[in-house]
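Working notes for the structure below.
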Amino acid sequence: MALIYMNMTLAFTVSLLGLLMYRSHLMSSLLCLEGMMLSLFVTMAITILNSHLILASMIPIIMLVFAACEAALGLSLLVMVSNTYGVDHVQNLNLLQC
Amino acid sequence: MTYIVFILSTMFVVGFLGFSSKPSPIYGGVGLIVSGGVGCGIVMNFDGSFLGLMVFLIYLGGMMVVFGYTTAMATELYPEVWVSNKAVLGGLVVGLVMELMLVYYVLGEVHGDVVIEFSDLGDWVVYDMEDYGFVNSEAVGVSSLYSYGAWLIIVTGWSLFVGVVVIMEITRGG
């Protein structure tokens, strides 16, 4: 396994941990989600370019399209939370009390 | 210069630590922009000039701008920087220690077969055939999105359209 894949896996894991452990802002978790998408894009791009899979070069672009969709949806939810409460603090999402 | 890709990937991880330790989102956006630039450099080192341009143009120029505007809308009066909060600084320091340990492990020629066998060939196992044609093969592959990937175009176009409609419904109000 080449050296760069270790760093890419570490970057993905660091972002995943950042996504799962909240602090105060919902926006920080959305940024960590975008970071996960970026590390997956770079991993996919260098695998495809190193193995010369020419027709698979469109796959990272398609992944960016779906990442943009998902980011836009997350941002719209954050905008609605911010409209209701003024700030996007995670502690405001407390309607469901199990 | 042999290790340039490894150095860039180390800077990539350090940039990721910058926003995963979760300071205020505006500083997290700065970390993501730096990581995006370094990721573009990594992709360009493998002759991926078009995909690197996509990262800058679409990812940073499109998505990060939208994130920046939304953060400016929902931000606080005194944003937290990395050194102003012990939890953020502690997370960043732990991540930096982890990355330094990895660099020492790799460059100190310590071989270890823990779970996955990391071979010691390094980054210079690049499969290159040494024949240079007239067009960049990766740009040809991306442009085949419109011929062989016609069904992908239809599916992604439709999902983007549905995404726009869903977002308009969400932001219409309760």
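Heavy atoms only: backbone and side chains are in, while hydrogens, waters and symmetry mates are out.
Looking at B/L102, only its side chain comes within 4.5 Å of chain A, counting heavy atoms on both sides. Within the 4.5 angstrom heavy-atom criterion, only side-chain atoms of A/S82, from C-beta onward, approach chain B. For B/V164, no part sits under 4.5 Å from any heavy atom of chain A, backbone or side chain. Only the side chain of B/N85 comes within contact range of chain A, judged by heavy atoms closer than 4.5 Å. Looking at A/F41, the atoms closer than 4.5 Å to chain B (heavy atoms on both sides) all sit in the side chain, from C-beta outward. For A/L26, no part lies near chain B; criterion is any non-hydrogen pair under 4.5 Å. With a 4.5 Å cut-off on non-hydrogen atoms, A/T84 does not touch chain B at all.
Between chain A and the options B/C40, B/G163, B/S159, heavy-atom pairs under 4.5 Å are most frequent for B/S159. Comparing A/P60, A/S29, A/A72, A/S24 by how many heavy-atom pairs each has under 4.5 Å with chain B, the most go to A/A72. Here A/L73 is the residue among A/V87, A/V79, A/L73 with the most heavy-atom pairs under 4.5 Å with chain B.
Counting only heavy atoms from C-beta outward, the side chains of B/M98 and A/L10 approach each other to under 4.5 Å. Residues A/V65 and B/L160 form a side-chain contact, since some pair of their non-hydrogen atoms from C-beta on lies under 4.5 Å apart. Within the 4.5 Å cutoff, the side chain of B/V55 has no heavy atoms near those of the A/V42 side chain. At least one side-chain heavy atom of A/N7 sits under 4.5 Å from a side-chain heavy atom of B/F6.
Residue pairs meeting the ring-ring contact (aromatic ring centres under 6.0 Å, His included) criterion with at least one member in residues 64-86 of chain A, sequence neighbours excluded, do not occur. Note on residues 12-34 of chain B: pairs passing ring-ring contact (aromatic ring centres under 6.0 Å, His included), not counting sequence neighbours, are B/F12-B/F16, B/F16-B/F19, B/Y27-B/W82.
Of all non-hydrogen atoms in B/L32 and A/E34, the two that sit nearest each other are CD2-CB, 3.8 Å. Among all heavy-atom pairs drawn from A/S76 and B/T171, the shortest one is CB-CG2, 4.0 Å. Residues A/A45 and B/L51 approach most closely at CB-CD1, 4.0 Å, considering heavy atoms. Of all non-hydrogen atoms in A/L49 and B/G48, the two that sit nearest each other are CD1-CA, 3.5 Å. A pairwise comparison of heavy atoms in A/L31 and B/G28 identifies CD1-C, 3.8 Å as the closest pair. Residues B/M54 and A/L64 come closest through the heavy atom pair O-CD1, 4.3 Å.
For B/E169, the side-chain hydrogen bond (donor to acceptor under 3.5 Å, both in side chains) partners at least two apart in sequence or on another chain are B/R172.
In the hydrophobic cluster analysis, where Ile, Leu, Val, Met, Phe, Trp and Tyr join through side-chain heavy atoms closer than 4.5 angstrom, B/V13 is grouped apart from B/V103. When the side chains of ILVMFWY residues are joined at heavy-atom separations under 4.5 Å, either directly or via intervening members, A/L40 and B/L8 end up in a single hydrophobic cluster. Under the 4.5 Å side-chain heavy-atom criterion for grouping Ile, Leu, Val, Met, Phe, Trp and Tyr, B/V30 is not connected to B/L17 through any hydrophobic cluster. No continuous path of ILVMFWY side-chain contacts below 4.5 Å connects B/V135 to B/F50, so the two sit in separate hydrophobic clusters. Placement of B/L100 and B/V94 in two distinct hydrophobic clusters is found when ILVMFWY residues are connected by side-chain heavy-atom separations under 4.5 Å, directly or transitively.
Within the model, atoms CD1 of B/I167 and CE of A/M80 stand 12.5 Å from one another, a figure rounded to the nearest 0.5 Å. One finds the CD1 atom of A/I61 at 10.5 Å from the OG1 atom of B/T156 (value rounded to the nearest 0.5 Å). One distance of note links OG of A/S51 with CZ of B/F46; it measures 10.0 Å at 0.5 Å rounding.
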For the pair B/I42 and A/M8, evaluate side chain to side chain contact (heavy atoms under 4.5 Å, CB included) and give the outcome as yes or no after the intermediate values.
CA-CA 11 Å; B/I42 293 173; A/M8 291 299 131; 3.7 Å; yes
Could you walk me through whether A/I46 and B/V5 satisfy the side chain to side chain contact (heavy atoms under 4.5 Å, CB included) test, starting with their C-alpha distance in whole Å, then the side-chain angles of each, then the deciding distance to 0.1 Å, before giving a yes or no?
CA-CA 11 Å; A/I46 63 180; B/V5 179; over 6 Å; no
With side chain to side chain contact (heavy atoms under 4.5 Å, CB included) as the test, would you mind laying out the steps for A/L17 and B/S20 before giving the verdict?
CA-CA 8 Å; A/L17 286 175; B/S20 290; over 6 Å; no
Could you walk me through whether B/E80 and A/R23 pass the side chain to side chain contact (heavy atoms under 4.5 Å, CB included) check?
CA-CA 12 Å; B/E80 277 176 344; A/R23 279 191 67 234; 3.0 Å; yes
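Side chain of B/K22 to backbone of A/H25: no donor-acceptor contact under 3.5 angstrom is found.
Residues of residues 60-73 of chain B lying under 4.5 angstrom from chain A, judged on non-hydrogen atoms, are B/M63, B/M64, B/V66, B/F67, B/T70, B/T71, B/M73 in numerical order.
Each of B/I153, B/V142, B/L145 was evaluated against A/M58; a single residue qualifies, B/L145, per the side chain to side chain contact (heavy atoms under 4.5 Å, CB included) test.
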